[in-house]
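What follows is a short report on a single structure.
Position 1 is the first residue of the sequence, and the numbers go up from there. Atom set for the values below is all heavy atoms of this structure, side chains included, hydrogens, waters and symmetry mates excluded.
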Amino acid sequence: MNKFRFLMLALIATTMLLVSCNQGGNSSNGALSSSAAEKVYVAPGEHDEFYAFVSGGFSGQLSVYGLPSGRLFKVIPVFSQDAEKAWGYNEETKPMLNTSHGFIPWDDSHHPDISQTNGELDGRFVFINGNNTPRIAKIDLSVFETTEIIEIPNSAGNHSSAFVTENTEYVVAGTRFSVPIPQRDMPINEYKGNFQGSLSFISVDPEDGGMDLSFQVLMPGFDYDLAHPGRGASHGWMFFSTYNSEESHSLMEVNASQNDKDFIAAVNWKKAEEYIKEGKFQTMPANYAHNVYDEETHTATSTMKKEVRVLDASELPGLVYLLPTPKSPHGCDVDPTGEYIVGNGKLSSDLTVHSFSKMIQAIENEKFDGEAYGIPILSFEDVLAGSVKQAGLGPLHTEFDGNGNGYTTFFISSEVVKWKVGTWEVVDRQPCYYSVGHLMIPGGNSRKPFGKYVLAMNKITKDRYLPTGPEVTQSAQLYDISGEKMELLLDFPTVGEPHYAAGIAADLVKERSKKIYNLEENKHKYATTSDANVKVERNGNEVHVYMTMIRSHFNPDNIEGIKVGDKVYFHVTNLEQDYDVPHGVSMIGANTSELLIMPGQTETFVWEPKQVGVWPFYCTDFCSALHQEMQGYVRVSPASSNIELSWSLGED
């Protein structure tokens, strides 16, 4: 009997151990545990505590999630056409996707960052980079829409962006790939010494957020990967990670990994401003688009700029210094105090932490270890604050919780590691599934992180979700970091590849959110703000329809006199002035998406009828109990027809 009891107890103990292991060694640690479910539950009608703005990578957009629930609220089109919202399809927003290469309705969006005041997130704007065709976009958080996009000349692979200084003086845009500047026909094998990188500083108007390409810094022909701003004592500096200090151009996985150390480039942008004032810059011919959406006219314009101010780092003392950093650093992260700059060397097992105060002292004492193209290289030992030793495999990115802890992702060992700032001691680690890239702590790129959560963004999901063929969803995982140990709370799928995210307390944003567009302030060129102004006009083969919409009809809803070969512009104004009453409109055969028009807004689509007949249009967005009745007809006659234009509403 005693032997039987012993075997039973052993079996129970083994079972409990297996369950504990499957939940990460702690019954409170699994994503399926009841305590985790309680922590992410947001009751019906209640709001999430944080907004998370998650980049869409190859989808070219920005997704808005709530934390801790993981609920998707909106997909904001940025460098992408969006059929749901007509972004890049309607006549008002097509100019937003103009570039020096023409209309480019796609890009690879990577790194969002939120505007700051005094080093704290202010919730006004989100900035994000286009990596492929170099661009920086601004999203206005009063409307959650893209309102400005500026193309970056002299750049290729705009990766180390878009990161803002602590008063949003600048948004930076560093090239990933070095290229001939200015571009020219030359042999690729003459790369070394002839190719250059550029670091762009885009100024931001403190009142309306308007962007302007203020200046560029020409750099050696390395690859520039990521960046973060100084803050506090280091305000006025921007730090960029670099790799390929070998200046290789082929078989990069081998040839760009030879040196034991690459660099973090410390750029003194306040010194750059001094050089600009002194006139110590070159004005270089350029050709780049600056696209602005005007909320009063509800219309975007695209302007081609023709020159840019350039500072050559090799010729201007004190502008740039190079901090040796092992090895092929990816992330370049600055702690909330501004004292510590973390280099996440992809091919190093240690995290290298530089000291800003030691850097300044080394500069003052000229503790240099050579130079690269005229730029001083600081002595590694003289700027080193410490190292987080043997923390994991493949470190990529670090963020901070504001309580003296750093959190770093390790791509190869698929984990998030927590360590103490100052002692460099590893205090916790939690697995990710699988191949984690970036991570985000709300406010982590600021003087005052909100802490509480880490959001890990994973490249692969494998068996975490139901299978969907060869390609499975991208993924994010939410960890509670309010205690000593991290706790996995939630998995949720993401739209596109989530390269990076920016998080902010919801209370800083939601009170600024616009509910309607005031009809009295609508200055759209073709706005029709009352039914009395509805009309249809012909100018040759162009026809302009000035239309209104309101629950539950269009005015006009019957139009005749349109001919095959006409180009018909529907300028449609939503007369509603109630929150969350958009209307849609779509026309059979229109070579565009539907329009989704917010209350008080005007949008335009073009229709070119190819066949005679009577063709319907209708509301595409459910708006009332009589949504189905919100429709109309256009009569199309032969091109030779003499039928005059006519339009009506409610007539037999």
Side-chain angles (χ1 to χ4, degrees), residues 113 115-116 119 127 129 134 136 150 152-155 158-175 178 181-182 196-206 210-222 224-242 263-286 288 305 307-323 332 334 338 341 354 356 359-360 362-364 368 371-378:
D113 204 7
S115 57
Q116 301 184 19
F127 301 91
N129 62 320
I136 295 290
I150 189 167
I152 310 300
N154 300 323
S155 181
N158 174 36
H159 195 259
S160 47
S161 59
F163 299 102
V164 303
T165 56
E166 66 174 11
N167 283 297
T168 320
E169 297 97 338
Y170 295 101
V171 179
V172 300
T175 188
S178 288
I181 297 177
Q196 289 181 289
S198 67
L199 308 177
S200 302
F201 285 74
I202 297 146
S203 62
V204 180
D205 187 281
M211 297 191 297
D212 182 62
L213 178 52
S214 183
F215 61 88
Q216 294 183 312
V217 178
L218 289 185
M219 296 288 290
F222 310 149
Y224 297 85
D225 204 349
L226 279 162
H228 267 94
R231 51 182 60 95
S234 58
H235 177 60
W237 293 78
M238 184 66 72
F239 303 93
F240 296 83
S241 61
T242 77
F263 302 108
I264 286 176
V267 180
N268 187 340
W269 57 260
K270 287 190 175 181
K271 189 71 174 179
E273 291 178 336
E274 293 177 11
Y275 282 130
I276 293 289
K277 288 180 181 178
E278 294 169 3
K280 295 181 179 179
F281 61 88
Q282 301 173 6
T283 300
M284 181 177 290
Y288 62 99
K305 300 293 187 71
E307 61 183 28
V308 61
R309 296 185 296 193
V310 172
L311 300 170
D312 191 332
S314 66
E315 299 177 356
L316 298 172
L319 180 58
V320 181
Y321 297 92
L322 299 176
L323 285 61
C332 173
V334 180
I341 305 107
H354 298 296
F356 177 75
M359 184 192 89
I360 295 300
I363 291 170
E364 292 173 348
F368 302 143
E371 54 85 27
Y373 297 98
I375 301 173
I377 300 172
L378 298 174

Taking the side chain as every heavy atom from C-beta outward, state whether Phe163 and Leu226 have any pair of such atoms under 4.5 Å apart. yes
If you measure from CG on Asp225 to CD1 on Ile264, what distance do you get to the nearest 0.5 Å? 11.0 Å
Closest non-hydrogen atoms of Arg231 and Val334, given as atom of the first, atom of the second and distance, are NH1-O, 2.9 Å
Distance (rounded to the nearest 0.5 Å) between Ile181 CD1 and Thr175 OG1: 7.0 Å
How long is the straight-line distance from CD1 of Ile152 back to OG of Ser198, given to the nearest 0.5 Å? 8.5 Å
Between Asn158 and Ser155, is any side-chain donor less than 3.5 angstrom from a side-chain acceptor? no
Minimal non-hydrogen separation, Ile150 against Met211, with atom names: CG2-CE, 3.8 Å
Considering only distance and modelled atom types, tabulate donor-acceptor pairs under 3.5 Å from the side chains of residues 272-283, sequence neighbours left out.
residue: Glu273; atom: OE2; partner: Tyr170; partner atom: OH; Å: 2.6
residue: Tyr275; atom: OH; partner: Pro317; partner atom: O; Å: 2.5
residue: Glu278; atom: OE1; partner: Lys280; partner atom: NZ; Å: 3.4

So, the side chain of Ser234 versus the backbone of Gly338: is there a donor-acceptor pair under 3.5 Å, distance only? yes
Heavy-atom pair of closest approach, residues Cys332 and His228: O-ND1, 2.7 Å
Would you check if Glu315 and Tyr373 make a side-chain contact, meaning some heavy-atom pair closer than 4.5 Å? no
Note: Gly174 and Ser161 closest approach over all heavy atoms is N-CB, 4.2 Å
For Ile202, the option from Asp212, Val164, Val172, Leu213 that meets side chain to side chain contact (heavy atoms under 4.5 Å, CB included): Leu213
Classify the ring geometry between Phe201 and Phe240 as parallel (under 30°), tilted (30 to 60°) or perpendicular (over 60°). perpendicular
Output for pair (Phe222 CZ, Leu322 CG), nearest 0.5 Å, gives 6.0 Å
Mind listing the closest non-hydrogen atom pair of Ala313 and Leu319 along with its distance? CA-CD2, 4.1 Å
Report yes if the side chains of Leu378 and His354 come closer than 4.5 Å at any heavy-atom pair, otherwise no. no
What one should report as the nearest heavy-atom pair of Gly197 and Tyr224 is CA-CE1, 4.0 Å
Sub-4.5 Å side-chain heavy-atom contact between His235 and Glu169: yes
Would you say that more than 12 heavy atoms from the other residues, nucleotides or ligands in this model lie under 6.0 Å from the CD of Glu307, or not? no
Does Ser200 use its side chain to pair, donor to acceptor, with the backbone of Gln216 at less than 3.5 Å? no
Rounded at 0.5 Å granularity, tell me how far CG in Asn268 sits from CD1 in Ile360. 7.5 Å
Is there a side-chain contact between Phe263 and Ile375, using heavy atoms and a 4.5 Å cut-off? no
Value rounded to 0.5 Å, distance of CZ in Phe215 from CE in Met284: 14.5 Å
